[in-house]
Amino acid sequence: MNNSELNLPLPARILLLGLGIIGLLTGIWAGLWRAGWMLPVPGAHFPEAHGPLMIAGFLGTLISLERAVALRKAWPFIAPVLAGFGGVLLIVGAVPGLPNLAIAASSGVLSLVFFRLYRKDPELHYIIMGIGANLWLIGNILWLRGFPMPQVVHWWAGFLILTIAGERLELSRVLQPKRRVRQTFIGIVAFYVVALVISVGWFDTGVRLSGVALLSLAAWLFRYDLAMRSVKQRGLSRFMALALIIGYLWLALAGALTIYAGAATAGYLYDAILHATFVGFVFSMIFGHAPVIFPVVLKLQVAYRASFYVHLVLLHLSLILRIGSDLFASDPIRLAGSLLNGVAILLFLYNTITSVLDKKFSG
């Protein structure tokens, strides 16, 4: 197999996925410390790495790996390697700026990957996901230039939100949406990008406008996403659909809170916005999509189990505790909610891995 048609062997893909999982586990560790759990940490730098580890070390690695496998060429695997390596550099407390540079380079490669995917198959969903990758790149450049994290994080959120939205748009093709439906989607995405650009110079105004875009996107997904039909089915299809629909509720809440809080850069409301977005929306999408992502990335099937509902329900109940504690300024409940958030994610990993092994060894 030449360079034009290449996929890494399974052990190499497992290794890259392992780098992402290391980013996830250490990101949870740092997050628990930031929430108030006085856990031992490897250095003073470590708690500040929570967000970058979750977004770049884990999600950046995972998304880049998935797209590299889809493109079937050698060079796209540079993106997950750099994202995973950047996560490791954050963990060990490398020279300041070096992890940022590795992660920024990863986002640049991922942007090129989506450009090549679009050239290969010129569809709207690749444009949307490519815009998301470029939002990650811009956010990483701002991070490198020393912009404050509360400003950078909205660009990182845009990367994940548009990646997921693009994937849902891709799947919605089976419903053959009307032209006006697609145009509405394009308009929402354009408004969101403009809002983020405005936020660089006028932070409060731009952030509030981005909240309007998030509310609008959630409404579009509720109305036109395939999940609204597949929830009527049974088994894995219903589980996936419920995970997605609940995620859309959290996206709508994140939008509403963003409109209300505006330029919040710390405190309870800021915590609520971040976790409604990254835990409520993004992780619900991960829980829902994992049974189809694993077969693509690792060529291993996932055996669906009813027990998947345990980690899904625990994630959202614990997040209700956490967001509720933010809204009512209750630190003890916030501590409990943050711990259970982490337990839900660990349970998700356990259930997914054991279901893969069951499927593999049961034939």
Side-chain angles (χ1 to χ4, degrees), residues 12 14-65 78-107 136 139-140 142-153 156-157 159-160 265-267 270-271 274-275 277-279 282-283 286 315 318-319 322 331-332 334-350 352-353:
I14 291 175
L15 178 61
L16 284 174
L17 184 60
L19 278 178
I21 291 175
I22 289 171
L24 172 63
L25 296 177
T26 52
I28 292 171
W29 179 7
L32 288 174
W33 193 96
R34 289 177 63 87
W37 292 96
M38 292 294 101
L39 304 175
V41 293
H45 70 279
F46 187 68
E48 297 302 318
H50 166 60
L53 280 170
M54 298 295 286
I55 296 165
F58 172 53
L59 293 165
T61 302
L62 180 64
I63 293 169
S64 299
L65 178 59
I78 296 171
V81 168
L82 286 171
F85 180 60
V88 171
L89 292 175
L90 285 167
I91 294 167
V92 301
V95 177
L98 190 57
N100 317 46
L101 188 60
I103 291 167
S106 173
S107 59
W136 188 29
N140 288 332
L142 296 176
W143 187 32
L144 270 169
R145 293 189 59 185
F147 275 65
M149 184 57 67
Q151 196 162 3
V152 171
V153 77
W156 287 351
F159 159 51
L160 300 173
T265 58
Y270 178 66
D271 183 82
L274 292 188
H275 289 87
T277 303
F278 292 111
V279 178
V282 174
F283 267 93
I286 294 170
L315 179 80
S318 62
L319 190 57
R322 177 157 193 163
D331 286 326
R334 185 166 175 262
L335 275 172
S338 65
L339 179 62
L340 291 174
N341 284 166
V343 170
I345 295 170
L346 294 177
L347 185 58
F348 154 72
L349 287 176
Y350 172 80
T352 303
I353 292 169

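Quick note: numbers below take in every heavy atom, side chains included, and nothing from hydrogens, waters or symmetry partners. If you read the sequence from its start, that first residue is 1, and numbering goes on from there.
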Original post:
Which atoms form the tightest heavy-atom contact between Pro47 and Gly43, and what is the distance?
Top reply: CD-O, 3.7 Å
Original post:
Between Leu19 and Val81, is any pair of side-chain heavy atoms under 4.5 Å apart?
Top reply: no
Original post:
What do the steps show when you test Leu160 against Trp156 for side-chain contact (heavy atoms from CB on, under 4.5 Å), and what is the final call?
Top reply: CA-CA 7 Å; Leu160 300 173; Trp156 287 351; over 6 Å; no
Subject >> Distance (rounded to the nearest 0.5 Å) between Met54 CE and Ile345 CD1 >> reply: 5.0 Å
Original post:
Can Ile91 and Ile22 be said to form a side-chain contact (heavy atoms from CB on, under 4.5 Å), step by step?
Top reply: CA-CA 9 Å; Ile91 294 167; Ile22 289 171; 3.7 Å; yes
Original post:
What residue pairs, at least two apart or across chains, pass side chain to side chain donor-acceptor pair (under 3.5 Å) with a residue in residues 79-90?
Top reply: none
Subject >> Shortest non-hydrogen contact from Val152 toward Gly139 >> reply: CG1-O, 3.4 Å
Subject >> Closest contact, heavy atoms only, Leu90 versus Pro52 >> reply: CD1-CB, 3.5 Å
**OP:** Sequence neighbours left out, what passes ring-ring contact (aromatic ring centres under 6.0 Å, His included) with Trp29? Give chain and number order.
**Re:** Phe46
Subject >> Crowding at OH, Tyr350 (>12 non-hydrogen neighbours, <6.0 Å) >> reply: no
**OP:** For Ala83 and Gly60, work out which heavy atoms get closest and say how close.
**Re:** CB-C, 4.0 Å
Original post:
Got a sec, which pairs hit salt bridge (charged side-chain N to carboxylate O under 4.0 Å, His left out) with one end in residues 46-57, sequence neighbours left out?
Top reply: Arg34-Glu48
Original post:
Roughly how far, to the nearest 0.5 Å, is the CD1 atom of Ile286 from the OG1 atom of Thr352?
Top reply: 10.5 Å
Original post:
Would the number of heavy atoms belonging to other residues, nucleotides or ligands and lying under 6.0 Å from CZ of Phe348 be above 12?
Top reply: yes
Original post:
So how far is it from Leu340 CG to Leu319 CG, rounded to the nearest 0.5 Å?
Top reply: 11.0 Å
Original post:
For the atom pair CG (Leu339) and OG (Ser318), what is the distance rounded to the nearest 0.5 Å?
Top reply: 9.0 Å
**OP:** Kindly give the heavy-atom pair with the smallest separation between Phe58 and Ile21, and that separation in Å.
**Re:** CD1-N, 4.4 Å
Original post:
Using 30° and 60° as the class limits, which term best fits the ring planes of His275 and His50: parallel, tilted or perpendicular?
Top reply: parallel
**OP:** Go through the structure and list residues passing side chain to side chain donor-acceptor pair (under 3.5 Å) with Thr277, not counting sequence neighbours.
**Re:** none
Original post:
Judged by atom type as modelled, is there a donor-acceptor pair below 3.5 Å linking the side chain of Thr61 to the main-chain atoms of Gly84?
Top reply: yes
Subject >> Heavy-atom closest contact (Ser107 atom, Trp136 atom, distance) >> reply: CB-CE3, 3.3 Å
**OP:** Under the salt bridge (charged side-chain N to carboxylate O under 4.0 Å, His left out) rule, collect the residues that match up with Arg322, sequence neighbours excluded.
**Re:** Asp271
Just list the side-chain donor-acceptor pairs under 3.5 Å for residues 96-105, sequence neighbours left out, or say none.
none

Original post:
What is the distance from atom OG1 of Thr26 to atom CG of Leu53, rounded to the nearest 0.5 Å?
Top reply: 4.5 Å
Original post:
Which of these, Leu335, Val41, Asn341, Leu39, sits in a side chain to side chain contact (heavy atoms under 4.5 Å, CB included) with Leu32?
Top reply: Leu39
**OP:** Working to the nearest 0.5 Å, report the span between CZ of Phe278 and CD1 of Ile55.
**Re:** 4.0 Å
